[in-house]
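Here's a structure for you.
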Amino acid sequence: MGAVRAYAWEVGGTRVALSVSSATDRGHVREINEDSYLAAPPVFLVADGMGGHSFGDRASAATAEAFVALGECTSVSVDDVLTAVQEADRVVQTLGDDQIAGSTLAGIAFVSDADASESRWMTFNVGDSRVYRWGARLEQLSTDHSAVQELLDRGEITAEEARVHPERNVVTRAIGVGDADPEVSLFPAGGHQRFVLCSDGLTKELDDATILGILDHADDLSPADRLVRAALAAGGDDNITVVVLDAVVTSAGSREHADDPSVSARLEDTRPRV
Ligand code: MG
């Protein structure tokens, strides 16, 4: 069981207080856990490896490893993140020889301009792991690169059918196997914002409404642990990995939150401001 970890830092005139919980489980069916995750502020990600003969877990681990150095910086740029995606792709391509070794990637980073005047969240994904914003509702910020997403886009199947479709495990982009072009979104960082990163082992077991209900129903477990347990109870057919972020971004001069390291932990049970 993972604890909730709190972080706080300042970039320019902005203060970020963040609590993070993470959890991963092999599930009930797979022999090994091929998922990886990284919580290295200001960068957070999940990666879901694919390929036989342990290439999958090496691919997801290598994907996460490509971002570790960014976790040693208080300020990273959009280009820093994109460079790490390229580096992950380069390294994973070398793993498999003639075997498939690939990985999905879904992450979020707190990015700053060179003069730190503007702070934004950057989401990035390749494949069918996901980034959600968690508030009054659960909003998927990433776009799946998958065969079923293409069917959904054409209106040929419903979201419910997508979760059980025979091609539900087919991704159309992946790190290390051809097209690793990331989907990216940028939006302002400010106030209280919460996010969920997850591998498809969560979203193939639980629909969005169920995930939201579990997040909103706080108990002694961390949010990430609650979700992984629920996915296991729902079947656990795949590896399951979840990272939940709870962030408060304020101007460094404001008295609110400024010197209170317990704030982000307390905020875990706070209702979203909508
Ligand atoms: Mg998976």
Side-chain angles (χ1 to χ4, degrees), residues 2 22-39 44-65 88-89 92 95-96 99-108 123-132 138 140-152 159-180 182-183 196-208 210-211 214 224-225 227-244:
S22 51
T24 187
D25 197 281
R26 179 171 57 87
H28 297 311
V29 176
R30 309 263 173 153
E31 286 185 6
I32 59 169
N33 191 346
E34 296 187 319
D35 287 358
S36 295
Y37 68 92
L38 181 70
F44 306 85
L45 64 86
V46 299
D48 178 350
M50 62 199 79
H53 304 284
S54 91
F55 285 123
D57 60 323
R58 287 167 58 195
S60 70
T63 297
E65 177 70 23
D89 188 47
V92 174
L95 289 181
Q99 303 262 0
I100 288 176
S103 181
T104 72
L105 168 66
I108 189 165
T123 69
F124 49 98
N125 82 287
V126 179
D128 65 353
S129 297
R130 291 183 179 171
V131 183
Y132 287 96
L138 200 65
Q140 187 178 337
L141 300 177
S142 56
T143 302
D144 291 355
H145 304 127
S146 66
V148 292
Q149 183 64 47
E150 292 178 354
L151 295 171
L152 276 167
E160 206 45 46
E161 289 166 342
R163 290 175 46 225
V164 295
H165 194 276
E167 294 205 344
R168 64 187 178 279
N169 293 320
V170 177
V171 294
T172 53
R173 295 186 205 174
I175 299 288
V177 285
D179 187 354
E183 200 87 27
V196 178
L197 315 177
C198 60
S199 62
D200 67 334
L202 182 77
T203 50
K204 294 213 174 85
E205 301 291 358
L206 307 174
D207 63 22
D208 288 2
T210 304
I211 292 170
I214 292 162
D225 282 328
L227 288 174
V228 168
R229 281 206 178 180
L232 287 168
D237 287 349
D238 195 2
N239 310 143
I240 310 148
T241 301
V242 180
V243 178
V244 179

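Atoms within a ligand are numbered from 1 in the order they appear, just like the ligands themselves. All values derive from a computational prediction rather than experimental measurement. Residue numbers count from 1 along this sequence.
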Whether the N33 and T24 side chains hold a donor-acceptor pair (N or O, under 3.5 Å, no angle test) is what I'd like checked. yes
When you measure from the side chain of D128 to the backbone of H145, do you find a donor-acceptor pair of N or O atoms at a distance under 3.5 Å? no
Distance-minimising heavy-atom pair for S103 and T63: CB-OG1, 3.5 Å
Excluding waters, which protein N, O or S atoms are within less than 2.8 Å of the Mg ion (ligand 1)? D48 OD2, D200 OD1, D238 OD2
D207 and T210: side chain donor to acceptor below 3.5 Å: yes
Which pair of heavy atoms, one from Y132 and one from L138, lies closest together, and at what distance? CD2-CG, 3.5 Å
Under 3.5 Å, is there a donor on one side chain and an acceptor on the other for S142 and N125? no
